[in-house]
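Have a look at the structure below, then the notes.
The model shown is predicted, which means the values in this text are computed figures rather than measured ones.
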Amino acid sequence: MSDMITADLVDLDLSADTKEAAARALAERMVALGRVTDLEGFLADVAAREAQMPTGLDGGIGIPHCRSEHVTEPTLAFGRSAAGIDFGAADGPADLIFLIAAPAGADDAHLTILSSLARQLMNAEFTDALRSAGDAAAAAALIRGDEPAAAGSEDSAAASGAASADAAAGSTAPASGARVEDASAPASGAPAADERPFRIVAVTSCPTGIAHTYMAAESLENAGREAGVEVVVETQGSAGFTRLDPAVIAAADAVIFAHDVPVREKERFAGKPTVDVGVKAGINRPGELITEVRGKAERGEVTAGAAPGTPVERAGESGEGYGTKLRKWLMSGVSYMVPFVAAGGLLIALGFAVGGYKIKSAPSVMDHFVWTQTDSWAALMFQIGAVAFGFLVPVLAGYIAYGMADRPGLVPGFVGGMIASTINAGFLGGLVAGLLAGGVVMAIQKINIPAVLRGIMPVVVIPLISSAIVGFLMFVVVGKPIASAQKGMTDWLNGLSGSNAILLGLLLGLMMCFDLGGPVNKVAYTFATAGIAVSNPSDSAMKIMAAVMAAGMVPPLAMALATTVRGKLFTETERENGKAAWVLGASFISEGAIPFAAADPLRVIPSSMVGGAITGALSMAFGATLRAPHGGIFVVPLIGNALLYLIAIAVGVCVTTALVVFLKGMRKPASGTVSPGTADDTSTATATAKQPVAA
């Protein structure tokens with residue numbers, strides 16, 4: 001750590017009164033030494049990490065940290081505050097503040113060295129020595145490890161040194177058990193020498209994987225030594241992770257998960273008593289967690305959290321409500337469906353472009369295909385696209401069920417989706433079939449099955465029973481009402497005209513620009529693609545598709561234009577992102593505006609919504625139509641009323657650009673040094689959605 005911190009990176013009289021000001025003061029020292037190239041960009045990355053979870057720890061410690069493309073080399077800055085600064089810790093303000101900056105491509109060695117600091121912070125002698133350090137050089141030397149902590153027993157120092165060495169080497173060896181057995185006087189609760197100690201395996205992880213991950217590991221290991229328990233921790237940090245030996249897991253009596261990101265390969269720990277908490281609980285109350293999991297083991301409790309999670313559960317967070325899970329289940333199906341829509345829709349649109357709309361009546365290319373005839377190639381593209389579209393509803397249903405119940409949900413999900421297509425229940429039928437299939441499989445999995453039958457459950461019993469139940473429900477119970485509802489919605493869309501159509505275009509434009517590729521955006525997009533996902537879509541459905549794509553192109557194109565006409569209002573990084581946004585916007589990739597919205601959501605998102613709403617309404621008013629579900633300007637030849645369509649997009653882009661420039665121009669200059677040509681807006685520190693390499 002000798003090159004990570006010097007006396008120039010230490011401020012023993014930090015005068016900042018907020019965490020943002022503290023981060024700025026310490027980051028300015030990094031900039032002065034050339035360790036950080038863009039102050040505002042780096043602070044935005046720090047703020048994005050802080051928004052995920054407060055970085056204050058009990059004991060008066062704050063550790064703001066991130067990985068950032070603006071960091072040239074791993075760097076640590078330290079500040080000591082007399083008044084204390086609120087970093088969100090439960091026990092109050094922090095007086096010891098460590099700003100950890102890791103480059104975007106930091107290698108494993110650098111990150112494990114940073115993790116050793118996190119472990120040292122669990123040593124009271126280390127933090128006491130920092131509080132009493134008389135000058136910056138002494139504090140830097142202490143952090144580097146050049147000077148040992150003044151207080152503490154030899155045993156404590158040895159334990160701290162061993163922990164740091166373990167961290168630097170990426171070790172997962174259960175050193176705690178050896179220490180307990182060698183101690184001359186067993187700790188309270190320690191087993192006798194001839195007894196096998198209680199064994200716990202743990203996994204710790206945090207969003208960045210630099211600090212909290214290793215601090216929780218150290219805290220659990222220390223608590224294990226005090227309780228006479230063997231604790232072996234797998235740290236799943238930014239440097240990757242070394243899997244625990246399967247034999248160690250098999251021999252463990254219980255499991256503790258202390259994590260804020262999904263545990264990787266969680267199924268390895270199935271079938272054991274488990275405590276599943278956030279990473280801060282592992283830092284702040286490890287003794288309670290050990291006591292809790294020992295109690296579960298004594299009672300023979302094997303919690304559901306130890307079993308392999310569904311795809312949605314593996315990608316989510318603990319404690320999510322039913323509404324959040326339902327949204328993710330639906331989005332799971334939509335995300336797998338969209339590529340089928342895009343491929344099939346574009347092929348059908350190209351078939352129409354080459355062969356005209358009469359091509360849908362062409363005979364099968366299996367019976368008639370002439371290599372030299374354009375119509376044959378057009379028919380081939382149309383028929384391939386139609387086959388791809390035929391998978392749309394089954395894939396939607398299948399992967400909704402997959403998101404709910406993992407692979408056992410696929411068979412009944414696809415069966416239910418195909419039935420929905422057969423009975424003309426359409427998109428709505430696919431949604432219902434997927435939810436029914438997932439629910440049925442989840443219910444079957446809760447039944448206590450004799451061990452002798454468990455081997456055939458996933459390949460025979462579950463597919464058989466769940467498919468039969470879902471098929472019965474779709475054919476006999478819910479299929480007909482859903483098909484009627486689908487027909488009613490289709491008839492309503494076909495009847496839209498005049499002001500009703502314009503209002504719908506306005507609403508869809510607002511939705512497309514609200515979260516730029518998020519759930520609301522996907523709802524609008526799925527609504528549009530469902531309308532054209534038939535061999536002969538209505539004129540109204542094609543108008544809706546055109547309005548949705550036009551509105552979705554507005555935000556990135558507007559940000560690109562704004563960075564071109566008023567570059568001084570944006571940071572250097574944003575101006576670079578603006579160049580890419582031209583291509584992304586032209587390709588109908590709304591996510592191209594996310595970096596701008598993340599850094600300045602209160603100005604960018606409302607402006608984008610206004611421009612998108614205007615574009616959607618104008619597209620509907622102009623009667624523009626689109627058969628392809630994607631493609632941006634590259635499918636303009638396939639658009640009806642293409643010139644007016646482009647005018648609608650241009651108007652929306654200009655409106656959004658003007659609003660963004662106006663709102664950014666009204667802001668007050670930020671205090672402090674601002675490099676020439678960069679934005680002077682402290683609001684970049686409020687980036688709640690931005691997840692660059694700091695995630």
Side-chain angles (χ1 to χ4, degrees), residues 333-334 336-399 410-430 433-434 467 470-471 474-475 479-480 482-483 486-487 490-491 493-494 526 528-546 549 625-631 634-640 642:
V334 169
Y336 282 98
M337 178 196 76
V338 165
F340 286 86
V341 175
L346 287 170
L347 283 168
I348 289 175
L350 288 172
F352 283 140
V354 174
Y357 281 94
K358 67 180 186 300
I359 205 66
K360 62 186 178 183
S361 302
S364 170
V365 291
M366 286 282 292
D367 301 324
H368 179 78
F369 183 81
V370 180
W371 288 79
T372 56
Q373 286 186 359
T374 302
D375 284 352
S376 290
W377 289 101
L380 177 65
M381 288 186 285
F382 176 85
Q383 290 170 25
I384 294 173
V387 170
F389 258 9
F391 286 100
L392 189 150
V393 174
V395 166
L396 173 68
Y399 281 98
L410 284 173
V411 172
F414 273 93
V415 170
M418 185 57 72
I419 293 172
S421 295
T422 303
I423 63 177
N424 296 320
F427 180 72
L428 292 177
S467 296
V470 172
M474 289 300 296
F475 271 127
K480 189 172 182 179
I482 295 172
Q486 177 77 16
K487 184 177 185 301
T490 303
D491 293 341
L493 289 176
N494 290 336
T526 305
T529 55
I532 65 167
V534 293
S535 59
N536 188 27
S538 67
D539 188 64
S540 295
M542 290 190 287
K543 288 179 181 178
I544 291 170
M545 187 69 250
M549 189 171 81
T625 58
L626 175 62
R627 179 61 192 260
H630 216 290
F634 302 102
V635 294
V636 165
L638 309 179
I639 295 172

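Atoms CD1 and CG, from Ile544 and Asp539 in turn, are 10.0 Å apart once rounded to the nearest 0.5 Å. Rounded to the nearest 0.5 angstrom, Trp371 CH2 and Trp377 CH2 are separated by 5.0 Å. To the nearest 0.5 angstrom, Phe389 atom CZ is 9.5 Å from Leu347 atom CG. In this structure, CD in Gln373 is found 13.0 Å from CG in Leu380, a value given to the nearest 0.5 Å. Rounded to the nearest 0.5 angstrom, Met381 CE and Ser376 OG are separated by 11.0 Å.
Classified by interplanar angle (parallel below 30°, tilted 30° to 60°, perpendicular above 60°), the ring pair Tyr399/Phe414 is perpendicular.
Here the closest non-hydrogen pair linking Gly471 and Ile419 is CA-CD1, 3.6 Å. Taking both residues in full, the closest heavy atoms of Ser364 and Gln383 are given as CA-OE1, 3.6 Å, listed atom of the first, atom of the second, then distance. Looking at every heavy atom in both residues, Leu350 comes nearest to Leu638 through N-CD1, 4.3 Å. Residues Ser467 and Val411 come closest through the heavy atom pair OG-CG1, 3.4 Å. Taking all atoms of both residues into account, the shortest heavy-atom contact from Val393 to Ser421 is CB-OG, 3.4 Å. Across Gly398 and Leu410, no two heavy atoms sit closer than the pair O-CD2, 3.6 Å.
Thr625 is listed as a side-chain neighbour of Lys543, based on a closest heavy-atom distance under 4.5 Å. Counting only heavy atoms from C-beta outward, the side chains of Met418 and Met474 never approach each other to under 4.5 Å.
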